[in-house]
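These numbers were taken from a predicted model, which means no experiment stands behind them.
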Amino acid sequence: MEGTHIMSDAAVPAVPPTPPVPLAALLAREDLGLRQIAGPTDGGTVIHGAHTSELSDPHPYLLGGELLLTAGVHIPEATAGADASEPTAGTPTPEAAGSGAYFDAYVSRIVAAGGAALGFGLAPVHDTVPTALVAACDSHGLPLVEVPPRTTFSGVARAVWQLMARARLAELRRVTEAQQSLAAAASRPDPVRAVLRQLARRVEGRAALYGPEGTELAAFGHAPGEAITQALAALTAVVHPAAARGAGNCATSHNAPAAAPSQRPSDLSPRPLTPTSATDTVAGTRLTAYALGSPPRFALAVATPHRDPGTHTITSVAAVLLSLLTGEERQSGTGAARVSALVRLLLGAAPQDVEPLLGGAEAWLVVHARPTDDASSPDPLMAGALGAALGSALVDTHGDVVRVLVPADREVTAQPGWTCGVSAPAGPQAWPSADAQAARALARARATRTALVRHGSRTALADLVPEEDATAHARTLLAPLAGSAALVETLRTWLSLHGSWDRTAVALAVHRNTVRQRVGRCAALLGADLDDPDVRMELWFALRQE
């Protein structure tokens, strides 16, 4: 483990944003005729640019990652009359030129500066590459490339930048395609898992979501070893306070003092702010953790075999999307106030007493939703994502139905992958009635295969009859069915769907023969002809008062 590094949003990448190019790609250019004659040949060498220098010590002028090009003008035997001033510390001396010490010091300085490779031109100074230089490059593990006389250094530099431009274009394409796929995943029926799955695919690694208690809720991608799994959980503790109670070690960071190897996160001094992300490397695998939300309720952990700006950009985009999908409304303390209101209701407070805590909304909509495919039962991740899409953190999952309480001033629209029923606006005291309205609207939406159905709220003839008289009439008319809620609900659904047996069966999740039996039973108990439109109208009027 190389140590945990805490990063802020303004963290600067450790490498240039343009991807490096493999030295092997440059050697493959037949028009250049380059040939590697020393140093490692495993194909892992990459270069970030090309630089020409005839200084005996180019160290101060190298940024790291360059292919350094030289014609050997600086070699003492080839520089008669050169300035014999006192050399600086670490600079090769003319006296050492013939013994090989000169080349050893020269190559060591290039390696110390982070040079990626050395290119030696055979013209116009030298006809062959000095044997001592070949030995020094082999000794220090620096790739040495022979540049033939017909190839100019400017041609080599141009080829490097051409390869880098292609790599840059390919990287931009990769990041753009990944961003588009992540955005598309965020609009799918189960957006949190869809984003995680797409992220793992795009970074060729593993993506995991940790919940408020520090437990892994979902993960996709290559299954890592036990060491990496434990390291991911420990890294998550750095950005997730709740997870810190049970995670592993926390090593050094840029913004915090180093911790002893046996020290656990709980032993560290509390930080005033939770870091937004942290990184670590275990067994060559790059680990990154992101805090989701403020304060963080979830955490994203990613393990990738690559460490490049493109992968960092892709994971950062996924973290932003997941923050939105799992976020809780907390503007101006609204989220906390609404949680407080729910607690007070549970403890027996009257709805009108907690209404001021509900963010000032005078009316609310109750939304009932079920996954369209009916094959999957909604879990807290799916429910939370639906609530975030509707703009509310007041979400409840019960069985196959998700219920969301949404301020009436917000537009409730159809959500991909969901079938929804929406109540009429209602205050806290009327929430039970609104809940029933949303349930009926959902049943109708499922029966008619409609993405969203709203409970009718326009003025009707029933509004012309005093409520007390209408209720008394309904109770009298429906008295024979009073002992069976199933019969009442079946009759209501059947009438709302214009007497369709199949649609009623779908809405109630029963067999169509059960619907026929129940409706027949209702007709017998009521002593009414349900084929008569006047009878249906009167019964519908009565059922609306229930």
Side-chain angles (χ1 to χ4, degrees), residues 2-3 5 7-8 10-27 29 32 34 36 38-75 87-92 102-121 133 136-147 151-172 174-175 254 279 281 286 306-313:
E2 294 183 0
H5 299 285
M7 301 180 295
S8 66
V12 178
V15 296
T18 300
V21 297
L23 177 62
L26 188 65
L27 296 175
R29 290 279 298 260
L32 298 177
L34 304 179
Q36 183 173 349
T41 58
D42 56 5
T45 302
V46 295
I47 55 180
H48 292 276
H51 177 67
T52 301
S53 175
E54 296 300 339
L55 295 175
S56 59
D57 182 21
H59 181 287
Y61 305 98
L62 296 181
L63 298 176
E66 298 95 343
L67 167 63
L68 178 63
L69 300 170
T70 179
V73 176
H74 57 86
I75 298 176
T88 59
T91 302
Y102 174 88
F103 293 110
D104 186 78
Y106 175 68
V107 172
S108 67
R109 293 288 286 170
I110 296 174
V111 173
L118 176 64
F120 193 89
L133 178 59
C137 287
D138 277 330
S139 175
H140 290 278
L142 180 69
L144 176 61
V145 177
E146 179 186 85
V147 182
T151 302
T152 64
F153 286 175
S154 61
V156 174
R158 180 171 60 185
V160 170
W161 289 114
Q162 287 174 343
L163 291 172
M164 293 184 68
R166 293 174 188 172
R168 176 64 173 166
L169 180 60
E171 185 72 351
L172 288 175
R174 179 176 82 97
V175 172
H254 291 311
T279 64
T281 301
R286 179 73 166 180
H306 309 293
R307 180 180 180 179
D308 55 74
T311 298
H312 174 69
T313 299

Counterpart residues, side chain to side chain donor-acceptor pair (under 3.5 Å), relative to His140 (two or more places apart): Asp104
Partner residues of Glu146 under the side chain to side chain donor-acceptor pair (under 3.5 Å) criterion, sequence neighbours left out: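 Expected list: Arg35.
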Contacts of Arg29 that satisfy salt bridge (Lys or Arg N to Asp or Glu O under 4.0 Å) - sequence neighbours left out: Asp31
With a cut-off of 3.5 Å and sequence neighbours excluded, list every side-chain donor-acceptor pair involving residues 59-73.
| from | atom 1 | to | atom 2 | distance (Å) |
| --- | --- | --- | --- | --- |
| Glu66 | OE1 | Gly64 | N | 2.9 |
| Glu66 | OE2 | Leu63 | N | 2.6 |
| Glu66 | OE2 | Gly64 | N | 3.2 |
| Thr70 | OG1 | Glu54 | OE1 | 2.9 |
| Thr70 | OG1 | Gly72 | N | 3.1 |
| Thr70 | OG1 | His74 | NE2 | 3.3 |

Please find the pair of heavy atoms, one from [X] and one from [Y], that lie closest to each other, and give the distance.
| X | Y | value |
| --- | --- | --- |
| Ile110 | Pro58 | CG1-CG, 4.1 Å |
| Leu144 | Cys137 | CB-SG, 3.8 Å |
| Ala116 | Pro143 | O-CD, 3.3 Å |
| Pro40 | Gly141 | CD-O, 3.4 Å |
| Val21 | Ala167 | CG1-CB, 4.1 Å |
| Ser108 | Ala105 | OG-O, 2.8 Å |

Qualifying salt bridge (Lys or Arg N to Asp or Glu O under 4.0 Å) pairs, either residue in residues 154-165, two or more places apart: none
Sole residue of Val46, Ile47, Val160, Leu163 in side chain to side chain contact (heavy atoms under 4.5 Å, CB included) with Pro20: Val46
For Phe153, ring pair (Phe, Tyr, Trp, His ring centres under 6.0 Å) partners two or more places apart: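 For Phe153 there are no ring pair (Phe, Tyr, Trp, His ring centres under 6.0 Å) partners, ignoring immediate neighbours.
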Roughly how far, to the nearest 0.5 Å, is the [atom2] atom of [Y] from the [atom1] atom of [X]?
| X | Y | atom1 | atom2 | answer |
| --- | --- | --- | --- | --- |
| Leu26 | Gln36 | CG | CD | 11.0 Å |
| Leu118 | Tyr106 | CG | OH | 5.0 Å |
| Leu34 | Phe120 | CG | CZ | 14.5 Å |

Arg174 and Glu171 ion-paired at < 4.0 Å: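 Counted as a salt bridge, because a side-chain N and a carboxylate O are separated by less than 4.0 Å.
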Within-4.5 Å side-chain heavy-atom neighbours: Val145 and Val156: no
